[in-house]
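From a predicted model like this one, the values you see are computed outputs, not experimental measurements.
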Amino acid sequence: MAETYIRLKSAARRIGLVINVSKTKYMMAKGSREESPRPPPRIHIDGDEIEAVEEFVYLGSLVTDDNDTSREIQRRIVAGNRVFERKVLRTIYGGVQMEDGTWRRRMNHELHQLLREPTIVHTAKIGRLRWAGHVIRMSDSNPTKMVLESHPTGTRRRGAQRARWVDQVEDDLRTLRRVRNWRQTAMDRVEWRRLLCTAEATPALA
């Protein structure tokens, strides 16, 4: 395996490609006997550290080290149930009539709204607010807190500027009308928890 990896790495380098080591894993297939040796959690090849895994998805299929297909079957059943559930809901709620009189099928986010389920965007924003409060309560010497409060020097690129993480947090708080003195609010766990409950009940945050 080491020889194959080195050859692949060398061939990729010749055409200007670089192997992403952080996404490179290896898996050792188990034998028919239960006493098959466990692979080391990490191996080092040509200066790269490669992590061992027990399963991975290849071309949409789950491959396991023990060739157990039951997990792949269960994974496909769950995925199929989600698709079937959406088809049933679209039948129940019907389509959406456009202004010109034509009809279209309902989108996934519209089904979420009808069922009052949080969208992935809403869930991500709640998690970002929760983490922001956690970081604010860290000590000033914590590296994460230092990065949040830092003010890098230098020139910014021309054109529209990319939004910083803290800018997105403050945009969400502005939607909740709680952006003023939000760092001070975050120091109080109980008050910040109340803010998170308000955010979870605010559809406009999505």
Main-chain N/O of Gly94 paired with Arg106 side-chain donor or acceptor, under 3.5 Å: yes
Is the count of non-hydrogen atoms from other residues, nucleotides or ligands lying under 6.0 Å from Lys25 atom NZ greater than 12? yes
For Thr175 and Asp171, indicate whether the former's side chain and the latter's backbone hold a donor-acceptor pair under 3.5 Å. yes
Minimum heavy-atom distance Thr202-Thr198, with the two atoms named: OG1-O, 2.5 Å
Without hydrogens or angle criteria, can the side chains of Ser10 and Arg14 be said to hold a donor-acceptor pair below 3.5 Å? yes
Looking only at heavy atoms, what is the nearest atom pair of Met27 and Val53, with distance? CG-O, 3.2 Å
Quick check: are there more than 12 heavy atoms from other residues, nucleotides or ligands sitting under 6.0 Å from CZ of Arg189? no
Which pair of non-hydrogen atoms, one from Arg104 and one from Met98, has the smallest distance, and what is that distance? NE-SD, 3.4 Å
Please check this pair: side chain of Glu110 against backbone of Met107, looking for a donor-acceptor N/O pair closer than 3.5 Å. yes
Which heavy-atom pair separates Trp192 from Ala186 by the least distance, and what is that distance? CE3-CA, 3.4 Å
Check for a donor-acceptor pair, side chain of His122 on one end and backbone N or O of Ala199 on the other, with a separation under 3.5 Å. yes
Would you say that Ile19 contacts Asp48 through its side chain, given a criterion of any heavy-atom pair below 4.5 Å between the two side chains? no
I need the minimum non-hydrogen distance between Thr24 and Ile50, along with the two atoms involved. O-CG2, 3.6 Å
Inspect the contact between Arg178 and Glu191 and indicate whether a charged nitrogen and a carboxylate oxygen are less than 4.0 angstrom apart. yes
Decide yes or no for Trp182 and Glu170: does some side-chain heavy atom of the first lie under 4.5 Å from some side-chain heavy atom of the second? yes
Residues Glu49 and His44: closest non-hydrogen pair is OE2-NE2, 3.3 Å
